[in-house]
> 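Pasting a structure below so you can have a look.
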Amino acid sequence: MTFFWGVISFVIAQRLLELGIAARNGKWMKAQGAYEVGREHYKYIVLGHVGFFLSLILEVQLWHKGLPPWWAWLFAVFVLAQVLRVWCISSLGKFWNTRIFVLPGVKVVTSGPYRFVRHPNYAVVIVEFVTLPLMFEAYFTAGLFTLLKIMLLAVRIPLEEKALQEATNYAQVFGAKSRLIP
């Protein structure tokens with residue numbers, strides 16, 4: 001259980017830090033003339049993440065879930081996803097956010113993992129929603145919240161892409177690249 005609480009505490013602290021970064025970046029973007037798109041669905045994204053952590057904690061605690069024999073492989077994939085997450089955030093710099101902010105006329109970022117796919121950060125989130133619960137045998141949480149996340153991304157990604165295509169060089173740069181997997 002110590003390992004579980006260590007991992008969960010790390011991920012929750014990471015999310016809180018990211019919300020602070022997103023708030024700071026959002027203020028900067030607005031000051032540059034950016035506007036927000038998709039505000040109405042953002043509450044569902046937040047609710048999905050909070051629900052994910054609550055479900056994971058409850059499932060592991062109530063059913064005394066342990067570590068499956070393959071947990072180390074899942075943990076390795078999870079750690080690699082965290083490295084990719086940091087790479088995504090650092091590549092986007094002040095343009096990274098948990099919300100969709102569009103700054104008209106800017107050239108989209110094409111460095112880091114964005115050289116390979118359009119939305120590597122969303123791929124990271126899906127990997128986390130699968131690996132983290134499976135690492136602790138929380139199969140219900142893995143299935144339900146991965147499905148919910150995919151449903152939310154099915155709304156969010158096209159909305160984000162449409163807004164970026166209208167205001168930036170997004171279509172020229174990313175038109176032929178895959179969304180999530182190289």
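Keep in mind that what you see is a predicted model, and the values were worked out from it rather than measured. Position 1 is the first residue of the sequence; numbering continues from there. Hydrogens, waters and symmetry mates are skipped; everything else that's a heavy atom, side chains included, is used.
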> Check for me, please, whether Leu58 and Ile8 land in the same ILVMFWY cluster - side-chain distances under 4.5 Å, paths through other members count.
no

> Any salt bridge between Glu160 and Arg99, counting N to O under 4.0 Å?
no

> Apply ring pair (Phe, Tyr, Trp, His ring centres under 6.0 Å) to Phe95 and list each qualifying residue two or more places apart in sequence or on a separate chain.
Trp28

> Any salt bridge linking Glu36 with Lys30? Criterion: basic side-chain nitrogen under 4.0 Å from a carboxylate oxygen.
no

> Going through the checks in order, is the side-chain contact (heavy atoms from CB on, under 4.5 Å) test met by Phe101 and Val37?
CA-CA 6 Å; Phe101 284 107; Val37 176; over 6 Å; no

> Hey, quick one: are Val77 and Ile150 part of the same hydrophobic cluster, counting side-chain heavy atoms closer than 4.5 Å, chains of contacts allowed?
no

> According to side-chain contact (heavy atoms from CB on, under 4.5 Å), who are the partners of Val46, at least two apart in sequence or on a separate chain?
Tyr42, Val50

> What residues form a side-chain contact (heavy atoms from CB on, under 4.5 Å) with Glu166, not counting sequence neighbours?
Lys162

> Are the side chain of Asn25 and the backbone N or O of Gly93 linked by a donor-acceptor pair below 3.5 Å?
yes

> Quick one: side-chain contact (heavy atoms from CB on, under 4.5 Å) partners of Ser111, sequence neighbours excluded?
Ser91, Val109

> Side-chain heavy atoms under 4.5 angstrom apart, residues restricted to Ile, Leu, Val, Met, Phe, Trp, Tyr: same cluster for Leu47 and Leu147?
no

> Indicate, with yes or no, if Trp63 and Phe52 share a hydrophobic cluster defined by side-chain heavy-atom contacts under 4.5 Å among Ile, Leu, Val, Met, Phe, Trp and Tyr.
no

> Assess whether atom CH2 of Trp73 is packed by more than 12 heavy atoms of other residues, nucleotides or ligands within 6.0 Å.
no

> Can you confirm whether or not the ring centre of Phe3 sits under 6.0 Å from the ring centre of Phe75?
yes

> With rounding to the nearest 0.5 angstrom, report the CZ to CZ distance, Phe145 to Phe53.
11.0 Å

> How would you list all residue pairs meeting side-chain hydrogen bond (donor to acceptor under 3.5 Å, both in side chains) that involve residues 44-56, not counting sequence neighbours?
His49-Lys149, Ser55-Thr141

> Look up atom NE2 in His119 and atom OH in Tyr114, then write down how far apart they are to the nearest 0.5 Å.
9.0 Å

> Please table the atom pairs, donor to acceptor, closer than 3.5 Å between any side-chain atom in residues 129-136 and protein atoms at least two apart or in another chain.
residue, atom, partner, partner atom, Å
Thr131, OG1, Val127, O, 2.9

> For a quick test of reading the model, state the closest non-hydrogen atom pair linking Val106 to Thr168 and the distance between them.
O-CB, 3.3 Å

